[in-house]
Amino acid sequence: MAEISNFIKTVMANDLESKKVNTIITRFPPEPNAYLHIGHARALVTNFELAKSFNGKTNLRFDDTNPSKEDASFVDAIINDIKWLGYEPNQVLYGSDYFEETYELAIKLIKKGLAYVCDLSQQEISEYRGTLNTPGKHSPYRNRSVDENLKLFTEMREGKFNEGEKVLRAKIDMSSPNINMRDPVFYRIMKIHHHRQGDKWCIFPMYDFAHPIQDAIEGITHSLCSLEYDNHRPLYDWVVRECEMKNVPQQIEFGRLNINNTIMSKRYLRQLVEGNIVKGYDDPRMPTLAGLRRRGFTASSIREFILATGLSRVNSTVDSDMLEHFLREDLKLSTNRIMAVTDPIKLVITNYEEGKIEYLDAVNNNENEELGNRKIAFSRDLYIERDDFVLEKPNKHYKRLALGLEVRLYHAYFIKANEVKYDESGNITEVLCTYDPQTLSGTGFNERKPNGTIGFVEANTAKKALFNKFSPLLDSDDAEVHFLDRINKDSWEECHGFVENGEYNPYERFQFIRDGYYVVDQDSKKDNLVFNRIVSLKSSIKK
RNA sequence: AGGCCCAUAGCCAAGCGGUAAGGCAACGGACUUUGACUCCGUCAUUUCGGUUGUUCGAAUCAACCUGGGCCUGCCA
């Protein structure tokens, strides 16, 4: 098991030391407006693993302070993904459940003279705020009396004003070089139904006010977030201090995780789903946890990937090879390896008895005897992968079949290619071979070395299968305009092939000997894109 | 440009004043019932973005420079 990044551990350890505390509580605060994707997994795994390593706990808290963007439909999916990843939240909480306390704290700030109701329009607030280079100026409403603010704020809550008419603002410093400190808005009016609170509220706290309060109320010791909240930390601390919260959480920022050639933006993922380019957030092409799960990724491989990849105060873009590496690592001992041919070419063993089918012993996994053996069919008529055959051996590294060469058929015999048949257009339709019965796998035959080992499937018994060659969703650098177009065209190639007719359980993972292909199960009742297998061995083809 | 943050190999990432961990990728080779796996080897010394400085000693400290990121929502 990999360990959590030193960067965060060190920060944490120092902090614990100075506070004389010996346990921590973290929280994972998704906004319920999308599915979790592999990028979120960094925060997710980090929060949970960190708590675990300090003997602490992690709360799941839905950050639902803006009802215009959120709805309940993502809540279950998020909980499900977290559990699938192997984590059990200490509590499942909702930011909106603290609205009453949050409101009381706003009153407290007003009484302390640190918050005021402002009548400026949105645009005016923006103008008064100043720019990066020039200080802002005070709102004309900044010096309202405590009593007047109290009255107005109460009326805001009672719904006496329209959206946009008034907001509650903190009174901090309009000339601060940190624009977040220039009297930030803490409450706005939104006459919208909230998925959890119903119509109880028409004023909603902003993230900057609500989040630190929620953390403090829950006793969160360390509030991890991404780099862009760095500028908000002074405000976070201000809120905790001025609200006189007993618990003082520490905000720690770290970089986001990206994976190359993978599109991670919520906006684009939403477009894919809503535009019906993919079949939902759990489509195997999606980088969501649900999509990766259907693509065959294991929870443990994702956890290990996140831990191994580390984190720091830099947004990182990790090679997708790394993700696949950890999947292979996880599957290599635990899965059966069955054979399949994605782009078939007929292979006939001319010296094998016509009409006979024999069943050979095949090891399910060379590295894990416990997985046992299975029987695979073998006969005169086989299919092999089209690019496992070439007329002439091109170089010394070529370890597949060519005319005149002998290779091993995996789990079976040595065969030698003697002749090729063509169709009218000159395409190869059939390779004629002879086999050597002495060379059966497992018999210890070692008088000759074959020019490699290739996979095959017995033609009469094989199951037809539809494969998709998966290419990851395109790079986020690509121009927006071409975005959907490209995904549609290039990310999904189908091909018809065969899988050996084994007794494997269709819902069990196995490794398949070609990299980058996924089996499509057409028989599924649900839809015809059920990916129940992961294809994870490293590329067996080198050009 | 005002403020803050960041910079170690193709990609991640340790290191926190004592002479550059590890992983992925790549490349040699051995082995092999997949070219996988495993094993062995290679892969930052005009070296840590650059330049100056402090120091017996600097990736680590300081200053400046360069490059990148974030911030002017009643989003989170």
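Letters A, B, ... are given to chains in the order of the sequence lines, protein chains preceding strands, and every chain is numbered from 1. Because the structure is predicted, anything quoted here is derived from the model rather than measured. All values below come from the heavy atoms of this structure, side chains included, with hydrogens, waters and symmetry mates left out.
Remark: the separation of the P atoms in B/U45 and B/G10 is 12 Å, to the nearest Å. Atom P of B/G41 sits at a distance of 16 Å from the matching atom of B/A21, rounded to the whole Å. Only the P atoms considered, B/U66 is 15 Å distant from B/G50, to the nearest whole Å. Taking the P atom of each, B/A7 and B/A59 are spaced 16 Å apart, rounded to whole Å. Atom C1' of B/U8 sits at a distance of 12 Å from the matching atom of B/C12, rounded to the whole Å.
At least one side-chain heavy atom of A/E218 sits under 4.5 Å from a side-chain heavy atom of A/L93.
Here the P atom of nucleotide B/G2 and the CG atom of A/D173 are 18 Å apart, to the nearest Å. Atom CG of A/N133 is separated from atom P of B/G3 by 9 Å (rounded to the nearest Å). Going from atom CZ of A/R400 over to atom P of B/A36 covers 12 Å, rounded to whole Å.
With its glycosidic angle within 90° of 0, B/G73 is assigned syn.
Across all strands, A/V363 comes closer than 4.0 Å to base atoms (heavy-atom distances). A/H411 comes within contact range of at least one nucleobase, with a heavy-atom separation under 4.0 Å.
Under the 4.0 Å criterion applied to side-chain N and carboxylate O atoms, A/K137 and A/D183 are not assigned as salt-bridge partners. Ion pairing of A/R256 with A/E228 is present here, as a side-chain N (NZ or NE/NH1/NH2) and a carboxylate O approach within less than 4.0 Å. The pair A/D361-A/R374 fails the salt-bridge criterion, with no side-chain N (NZ, NE, NH1 or NH2) lying under 4.0 Å from an Asp/Glu carboxylate O.
Taking only distance into account, the side chain of A/K399 meets the base of B/U32 through a donor-acceptor pair shorter than 3.5 Å.
As the counterpart of B/U60, no nucleotide is assigned, since no Watson-Crick or G-U wobble pattern has both distances under 3.5 Å. Nucleotide B/U32 is matched to nothing when pairs are restricted to Watson-Crick or G-U wobble geometry with both distances under 3.5 angstrom. Base pairing of B/A13: no nucleotide in any strand meets the Watson-Crick or G-U wobble criterion (both distances under 3.5 Å). In this structure, B/A25 forms no base pair with any nucleotide, since neither Watson-Crick nor G-U wobble geometry is met with both distances under 3.5 Å. With a 3.5 Å ceiling on both atom-pair distances, the Watson-Crick or G-U wobble partner of B/C70 is B/G3.
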- request: Check the pair A/R448, A/D436 against salt bridge (Lys or Arg N to Asp or Glu O under 4.0 Å), reporting the backbone distance first and the verdict last.
  value: CA-CA 11 Å; A/R448 302 192 299 278; A/D436 179 350; 2.8 Å; yes
Sequence-aligned protein contact record of nucleotides 68-76 of chain B, with B where the base is within under 4.0 Å of a protein heavy atom and S where only the sugar-phosphate is: --BBBSBBB
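OP1 and OP2 of B/C12 both lie 4.0 Å or more from every side-chain N or O belonging to A/R42. Between A/K449 and the phosphate of B/C31, there is no side-chain N or O to OP1/OP2 separation shorter than 4.0 Å.
Taking the side chain of A/R313 as heavy atoms from C-beta on, and the options B/G23, B/C12, B/C5, the nearest nucleotide is B/C5.
Annotation: A/Y410 is not in aromatic contact with A/F456 [ring centroid separation under 6.0 Å not met].
Nearest approach of A/T65 to A/M190, heavy atoms of both residues: O-CE, 4.4 Å.
Ring geometry, A/W201 versus A/F99: the interplanar angle exceeds 60°, so the pair is classed perpendicular (tilted spans 30 to 60°).
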